[in-house]
2 protein chains.
Amino acid sequence: MTNDVFHKNELLDRESLHTLQGVRLKNVVFQASKSRFYRDQLFRAGVRIADINSVEDIRKLPFTTKDDLRNHYPDGMLAMPVDKMNRMHASSGTTGSPTCVFYTKNDLQTWADLMARCMYGVGVRPEDVFQNMSGYGLFTGGLGIHYGAERLGCCTIPAGAGNSKRQIKLLHDFHVSVIHIIPSYALHLATVFESMGMDPKSLDLRIAIIGAEPHSEAVRRRIEDLYAIKAYNSYGLSEMNGPGVAFECPEQNGMHIWEDAYVAEILDPETLEPVPEGEIGELVLTTLTREGMPLIRYRTKDLTRFLPGDCPCGRTHRRLDRILGRADDMIILKGVNIYPMQIERVLMSIPEVGQNYLIVLERDGFLDQMRIKVEVKEEFFVEDMRVLKNMQQSIARRLRDEILITPRVELVERNSLPRTQGKAKRVEDRRQES
Amino acid sequence: MTNDVFHKNELLDRESLHTLQGVRLKNVVFQASKSRFYRDQLFRAGVRIADINSVEDIRKLPFTTKDDLRNHYPDGMLAMPVDKMNRMHASSGTTGSPTCVFYTKNDLQTWADLMARCMYGVGVRPEDVFQNMSGYGLFTGGLGIHYGAERLGCCTIPAGAGNSKRQIKLLHDFHVSVIHIIPSYALHLATVFESMGMDPKSLDLRIAIIGAEPHSEAVRRRIEDLYAIKAYNSYGLSEMNGPGVAFECPEQNGMHIWEDAYVAEILDPETLEPVPEGEIGELVLTTLTREGMPLIRYRTKDLTRFLPGDCPCGRTHRRLDRILGRADDMIILKGVNIYPMQIERVLMSIPEVGQNYLIVLERDGFLDQMRIKVEVKEEFFVEDMRVLKNMQQSIARRLRDEILITPRVELVERNSLPRTQGKAKRVEDRRQES
Ligand SMILES: [Zn+2]
Ligand SMILES: [Zn+2]
């Protein structure tokens, strides 16, 4: 089976995986040292190739940021001359220089293998008809998954983004069984089905790959219900090739990060030290197999955590929680790191709480304080002060359990908080005002 | 050299090419007979595989039209089950069913090889940086040339269509040496360069592949001058894979049609008999290597002719003239086939003639007549009736030499003919009116 090529490492025992990572890390540091950027970086950090002998030695290595990529545009990050490259992808970056990633022929092959592994792992087979509803071109989501699906042997329909009626015609007429779709578009498309008098459940669809935008578990379940399919989360970023970095398995409980291709660290965004196992921090990734443009300890700015324990599916590669926000959103209060997403998750798990909330940071004398204004659903907003007081205390307690600090909770009526089109403003920092 | 794979047949002597076509034709008829459509077609035509023993036997085979593809949508043309397919492309067809083409893994490989052959033939090399300005997705122009360029080993930038300022930034920053661009967009992009105070000649660009829309030799020369590059014509249609069917060589004198992959016939669109060597007719193509969806004697509706003689470049595959119009535009007058493009070419070669003309077909008793209203440039429109009369006769004579019929020529002043936005109406058929 040619499929062995892309899934042979999935069940590797942790010790072998650990050894493999060490060997590949040394290789990739050597390869990276051929680029102008890393030659200087390693020299400045005083790290020699001989110093890297296991994956733990990664902590000796300096970090790489998006700004480094921009500042060494267009080719300062390349470990091989441009004429050895086979592809270039770039971020859409509206201002300044785009972030560019180069791939050799081998890099494209490895990427396609990883992507095919992700898809095979959730049950996609060569017999499937796959419709890719992602935009193609410089964006990695389109061609990345396209090559994976073709590698796997699916009949690939490069539908691209938009044109809902045509998407539906193709889905129906070609008995499409697997799609790649942006979650919000999946919800929108279901309404188009409805307006055409069609039921998305009547399709031959089995599987959706969803990614490219943050979405909640509720959205996933809704997509699964609307189409009567399974939907799997995909994680990737163009700096790490694109899609195919981490992917859910049939357990739908965290995304396995492919540790034969990437070293994943979860670090405190302030101290850049590892967070305790299972806690939230910034995901920092190192490419282990890339030859054209290796990246070492790349700060993704994405917040997540390792999920504890082994996955029942048998894959040995560790699992990442869904992306919980951006490192830039982190709040430091009384020396504790707090992520707005942690607060949101607690609030949204409480039945009485509505859709809106606002976190206010204030200075009370020399003491920093957090006040959280929480909208209460109409049916729970009663006149009885005692009931409200109880609710307030209960919410504060549950928040303290999560963020280790007890905030002041203020209950407000529905629609009393400022609403913004699109992304709501969730944090108001007034600490510098006084 | 891996490049041998895609160019080994280019210099094959005619006899060997002829033999190869015969063998492949028999194979492809056998393969096609596995599809529902061709099983019926061959049965009805009373053709057995044993009847096909040389490429001349192609004349025993029935034709295939775009309507056949539409009527046997979605999978009646397939010679293998959908689960053996690796890609599907479709026409954008705004109404009714789209025209769909399926490719197996082998078909994609052969297509990429042919496309790489085209590009290698005009001097593109693995060291080149290639920017593809064609839209990706279901349209074959994007992915078709993309795979060819990657096959050849170029660093491929999948820029896609539009966003001129980003196109220019990429062209400049990555020292792009080869582009794929629609001719009219190449002219437009030059004006964007100008508006940015940049000279397209200052780029590292060497080669442009132009195609996907009809354009004149003058447009090609203008692109070459504006960018100080060589521009090569490309011919293809999605039913025959997409781009890579015929392509110019460095001689820029006709497009070699790859006869190891296609049988090309030029037929009278009415009688479907071959036109005399070198005369204009409809291009009819048969795929010789396709396994997923072979097409036999596909009527492209494109008008062209074989260019006579051998090409100085040494390639033995015959050359097609640029596409001269659509077969549907053919006029039959007094039993003679006339193409508006023939008339246009004669008119445009006469310095006194302006931009506009109108062909009127009329019935004079039992006799069909052609009258051509020709706009004369302002500076040549004199009051002297003798001069105009001479001009009139001279134009009529030159048209007769080309179309074998003497039309009545009527000279009119500039701007006196109806102008339409976009495609001008060139033919007015009044023969049914009386
Ligand atoms: Zn698992
Ligand atoms: Zn030639």
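Each chain gets a letter, A, B and so on, in the order its sequence line appears, and its residues count up from 1.
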Q) Is there a side-chain contact (heavy atoms from CB on, under 4.5 Å) between Y227(A) and L189(A) once you walk through the steps? A) CA-CA 10 Å; Y227(A) 291 84; L189(A) 198 65; 3.4 Å; yes
Q | Most contacts with chain B, counted as non-hydrogen pairs under 4.5 angstrom, among K105(A), M85(A), R87(A), K84(A) | A | R87(A)
Q. Can you say whether V82(A) sits under 4.5 Å from chain B via the side chain, the backbone, both, or neither, judging by heavy atoms?
A. both
Q: Run the numbers on N86(A) and T104(A) for side chain to side chain donor-acceptor pair (under 3.5 Å), then give the verdict.
A: CA-CA 5 Å; N86(A) 209 190; T104(A) 64; over 6 Å; no
Q) Looking at G160(A), A159(A), C154(A), G135(A), which makes the most heavy-atom pairs under 4.5 Å with chain B? A) C154(A)
Q: Test H146(A) against every option in W111(A), Y136(A), F130(A) by the ring pair (Phe, Tyr, Trp, His ring centres under 6.0 Å) rule and name the one that passes.
A: Y136(A)
**Q.** chain A contact via H175(B) - which portion, at a heavy-atom distance below 4.5 Å
**A.** neither
Q: Would you mind telling me which of N163(B), D128(B), D83(B), I157(B) has the largest number of heavy-atom pairs within less than 4.5 Å of chain A?
A: D83(B)
Q) chain A heavy atoms under 4.5 Å from F139(B): which part of the residue, side chain, backbone, both or neither? A) neither
Q | Minimum heavy-atom distance between V122(B) and I207(B), given as atom pair plus value | A | O-CD1, 3.3 Å
Q) Which atoms of Y73(B) come close to chain A, meaning under 4.5 Å heavy atom to heavy atom: side chain ones, backbone ones, both, or neither? A) side chain
Q: Taking all non-hydrogen atoms of both residues into account, name the closest pair between Y38(B) and L295(B) and its distance.
A: OH-CA, 3.4 Å
Q. Does R125(B) make a cation-pi contact with Y120(B), if we ask for NZ or CZ under 6.0 Å from the ring centre and within 45° of the axis?
A. yes
**Q.** Pick from L170(B), D75(B), L143(B) with the largest number of heavy-atom pairs that fall under 4.5 Å of chain A
**A.** L143(B)
**Q.** Under 4.5 Å from any heavy atom of chain B - which part of Y103(A)
**A.** neither
(Q) Can you see whether E150(B) engages Y147(A) through a side-chain donor-acceptor pair at a distance of less than 3.5 angstrom? (A) yes
